[in-house]
Amino acid sequence: MCGIVGAVSERDVQGILLEGLRRLEYRGYDSAGMAVLQADGSIRRAREVGKVAALADAIAETPCRGDLGIAHTRWATHGEPSRLNAHPHMSGDRLAIVHNGIIENYQELRDQLKAAGFEFTSQTDTEVVVHLIEQEYRRTGALIEAVRAAIGQLRGAYALAVMHADEPDHLVVCREGSPLVVGVGIGENFIASDQLALLPVTDRFMFLEEGDLADIRRDSVKIWDRSGAPADRGITRFEHGADSADKGEYRHYMLKEIYEQPKVIKATMEGRVTASRVLEQALGTEAGKLLENVRHVQIIACGTSYHAGMVARYWIEELAGVPCSVEVASEFRYRKHVIQPDTLFLCISQSGETADTLAALRQAKAAGFRAALAICNVPGSSLVRESDLVIMTQAGPEIGVASTKAFTTQLTALLLFTLALARHNGLSEQQEAEIIAAIHQLPGQVEQVLALDSDIAELARAFMDKNHSLFLGRGAMYPVAQEGALKLKEISYIHAEAYPAGELKHGPLALVDSEMPVVTVAPNNDLVEKLKSNLEEVRARGGELFVFADKAAEVKAGDGIHVLQIPPVHPITAPIVYTVPLQLLSYHVAVLKGTDVDQPRNLAKSVTVE
Ligand code: G6P
């Protein structure tokens, strides 16, 4: 993981690098550092343990001024978070690099470089890379050639930005398995792990491809592909508003992003549905052809995106009658699978850069799956570029590590996809129109749930001093319960487990007592009566129940049963609406506990390592 940013300009770049790092903190935040080429021709490096703010404080005291520089925010893989392990890493005092990714053969390279006389000051795999480049620099005398020769010896995943004090006019960068984008300015150019980092300085980007090497100068960008041939990656303009990375009036990004949901769900529908139909063409010009004769859908994703896939499975089997399997990418990629004929491979990823999901996609393509569809939130990401068909969620940049609006827009996109697929498989016009009408109601229904915020904040008090909790749901509400449990554990550090309510009696009931709050999502669907029996089972053991329920479900509040009424929703769209109160519940528990809501410990937003 980690975030990298770099700039070559005619102005001082320390402010640009620092702001870039702040915007990349979602990629890791255990230490940060920067190196700039000063006016006297020497490199000054600053590194601090902790968040970017600690680096900013250090730089405020002793500035890091220069017109060429690189910077890094870290999520530790090799070596604990410490100043010595923080990037940039240097070989001598003239060469500095920042790195995102993992070098798999670092141990053998380290042994070789040690034998050649290089001294190591950190436990990182990155320090191996900087010494290797230095070794090649001594041989070739040119930074670009040195980097080219060094990366030829690396195995693993990396995005690198390299600077040398003897070549003060450029940065050399490359990518293999980790994202890297070039920001194009006027008389200045930039690089970063994500375009978000560079929005204050440009909205024009070139996306490097796997194996690319680039020479970044003030007034030129030269790119070579893996074979060494010059490559033209074209310039793309950024699509979302530049202020989306600001918190605005909200106390946390997570809360802002929860409140953005009516707007971004609407944006995800826009242009893709009429009053009664899905516009198949709007899902991609090739959509019709790709969806024809699909006999099986294989969904792959990680984390929250996996839960979106789990919900979609219920929809796809119910509405399209097409069998659907869902698997987490890190499992799928390491086992043998039986490929059913005419299987559509569907990857869901907010970032489009999750290493396991990308690896699974590449494997699937090599194994001959029919076609790859991506549901993704980041234009230009690796997943988007490598898939045959893409449905973009229109969530805008999501900064909070705990995913919220990305999830509900993924669900919206998945439901539109399901309807398009179902139309090829016998869904009637009337059924489609009924569900489309329900989809049109979503933004308003989510608004109504947001209006319950203060009631949910009250409920959150009961969780403050608890160590464990249970989330129950049935049918498509089971993955909603899983997502609710994930949110709570991610940001409040309370152990939360989700169960399909019918499984309660097969084990978890043994845990239920007054110290174990049980959260349940109960829309008024055909499983509600069964769910109510499950709630009785909990109540009979003294468990305290928190039920989010449709009024018509007639779950009665009483001693030990807290009921929050959710507006009536169509059973198909219920997973989207019922997700929102669970997000708010976790948010308020975390705020009450005083945890770091937007950047929970040990996690990162975009997991670009295995
Ligand atoms: C990380 C994030 C999660 C996210 C998961 C998958 O674990 O913290 O919020 O759901 O990665 O990320 P993706 O970008 O592929 O959806």
Side-chain angles (χ1 to χ4, degrees), residues 1-3 24-30 75 77 100 177-179 193-194 196 252-254 257-258 299-312 326-333 346-362 372-387 390-393 395-414 479-480 482-493 496 579 582-583 586-587 590 595-610:
M1 248 116 61
C2 311
L24 288 176
E25 260 191 328
Y26 73 87
R27 302 178 64 85
Y29 36 80
D30 60 42
W75 186 77
T77 55
N100 164 211
S178 297
S193 303
D194 178 338
L196 205 59
H252 296 100
Y253 281 112
M254 183 181 178
E257 289 160 4
I258 290 174
I299 300 181
I300 294 296
C302 303
T304 290
S305 299
Y306 168 70
H307 294 151
M310 292 275 290
V311 173
V326 191
E327 193 164 349
V328 288
S330 54
E331 286 298 315
F332 179 87
R333 63 181 288 198
L346 167 50
C347 290
I348 310 170
S349 171
Q350 186 282 129
S351 62
E353 300 294 350
T354 301
D356 284 323
T357 308
L358 286 174
L361 168 67
R362 289 168 190 158
L373 165 66
I375 305 249
C376 188
N377 192 41
V378 179
S381 60
S382 304
L383 183 67
V384 166
R385 284 181 284 118
E386 294 180 31
S387 300
V390 178
I391 306 178
M392 296 304 303
T393 49
E398 191 183 61
I399 311 288
V401 166
S403 186
T404 53
K405 62 176 179 170
F407 180 68
T408 45
T409 53
Q410 282 169 347
L411 290 179
T412 308
L414 283 161
V480 171
Q482 286 181 299
E483 175 57 13
L486 177 64
K487 286 292 85 86
L488 190 67
K489 68 183 111 167
E490 275 179 314
I491 60 170
S492 76
Y493 314 146
T579 294
L582 300 188
Q583 295 169 342
S586 303
Y587 173 77
T595 58
D596 191 339
V597 172
D598 286 329
Q599 296 180 331
R601 68 186 181 201
N602 306 341
L603 301 179
K605 179 111 192 114
S606 182
V607 184
T608 55
V609 295
E610 242 192 82

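One-based numbering, in listed order, for ligands and for the atoms of each.
- The atoms of ligand 1 that sit less than 4.0 Å from any heavy atom of Ser305 are 10 (O), 13 (P), 16 (O).
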Quiz item: After noting the C-alpha distance and the side-chain angles of Arg601 and Asp596, does the key distance pass the salt bridge (Lys or Arg N to Asp or Glu O under 4.0 Å) rule?
Solution: CA-CA 7 Å; Arg601 68 186 181 201; Asp596 191 339; over 6 Å; no

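- Scanning the protein heavy atoms around atom 7 (O) of ligand 1, the nearest turns out to be Val607 CG2, 3.8 Å.
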Exercise. Please lay out, stage by stage, how Val401 and Tyr29 fare under the test side-chain contact (heavy atoms from CB on, under 4.5 Å).
Key: CA-CA 11 Å; Val401 166; Tyr29 36 80; 4.2 Å; yes

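- Looking only at heavy atoms of the protein, atom 12 (O) of ligand 1 is closest to Thr354 OG1, 3.3 Å.
- Residues Tyr493 and Thr595 come closest through the heavy atom pair CE1-CG2, 3.6 Å.
- Among protein heavy atoms, the minimum distance from atom 8 (O) of ligand 1 is reached at Ala604 O, 2.9 Å.
- Using a distance-only test at 3.5 Å, with no hydrogens or angles considered, no donor-acceptor pair links the side chain of Gln350 to the main chain of Ser305.
- The option with the heavy atom closest to atom 9 (O) of ligand 1, from among Val401, Asp356, Val328, is Val401.
- Between Val390 and Leu373, the closest side-chain pair of non-hydrogen atoms is not below 4.5 Å.
- Scanning the protein heavy atoms around atom 14 (O) of ligand 1, the nearest turns out to be Ser351 OG, 2.6 Å.
- The side-chain heavy atoms of Ser381 and Cys376, taken from C-beta on, include a pair separated by under 4.5 Å.
- Taking every heavy atom of Thr304 and a limit of under 4.0 angstrom, the matching atoms of ligand 1 come to 10 (O).
- Heavy-atom distances between Leu603 and ligand 1 stay at or above 4.0 Å for every pair.
- Side chain of Lys487 to main chain of Gln583: no donor-acceptor pair is present (N/O by atom type, distance under 3.5 Å, no hydrogens or angles).
- In terms of protein heavy-atom proximity, atom 5 (C) of ligand 1 is nearest to Cys302 O, 4.0 Å.
- The distance between the ring centers of Phe407 and His307 does not fall below 6.0 angstrom.
- On a distance-only criterion, Thr357 and ligand 1 share no N/O pair closer than 3.5 Å.
- Geometrically, ligand 1 and Ser349 share a nitrogen or oxygen pair separated by less than 3.5 Å.
- Of all protein heavy atoms, the one lying nearest to atom 1 (C) of ligand 1 is Lys605 O, 3.5 Å.
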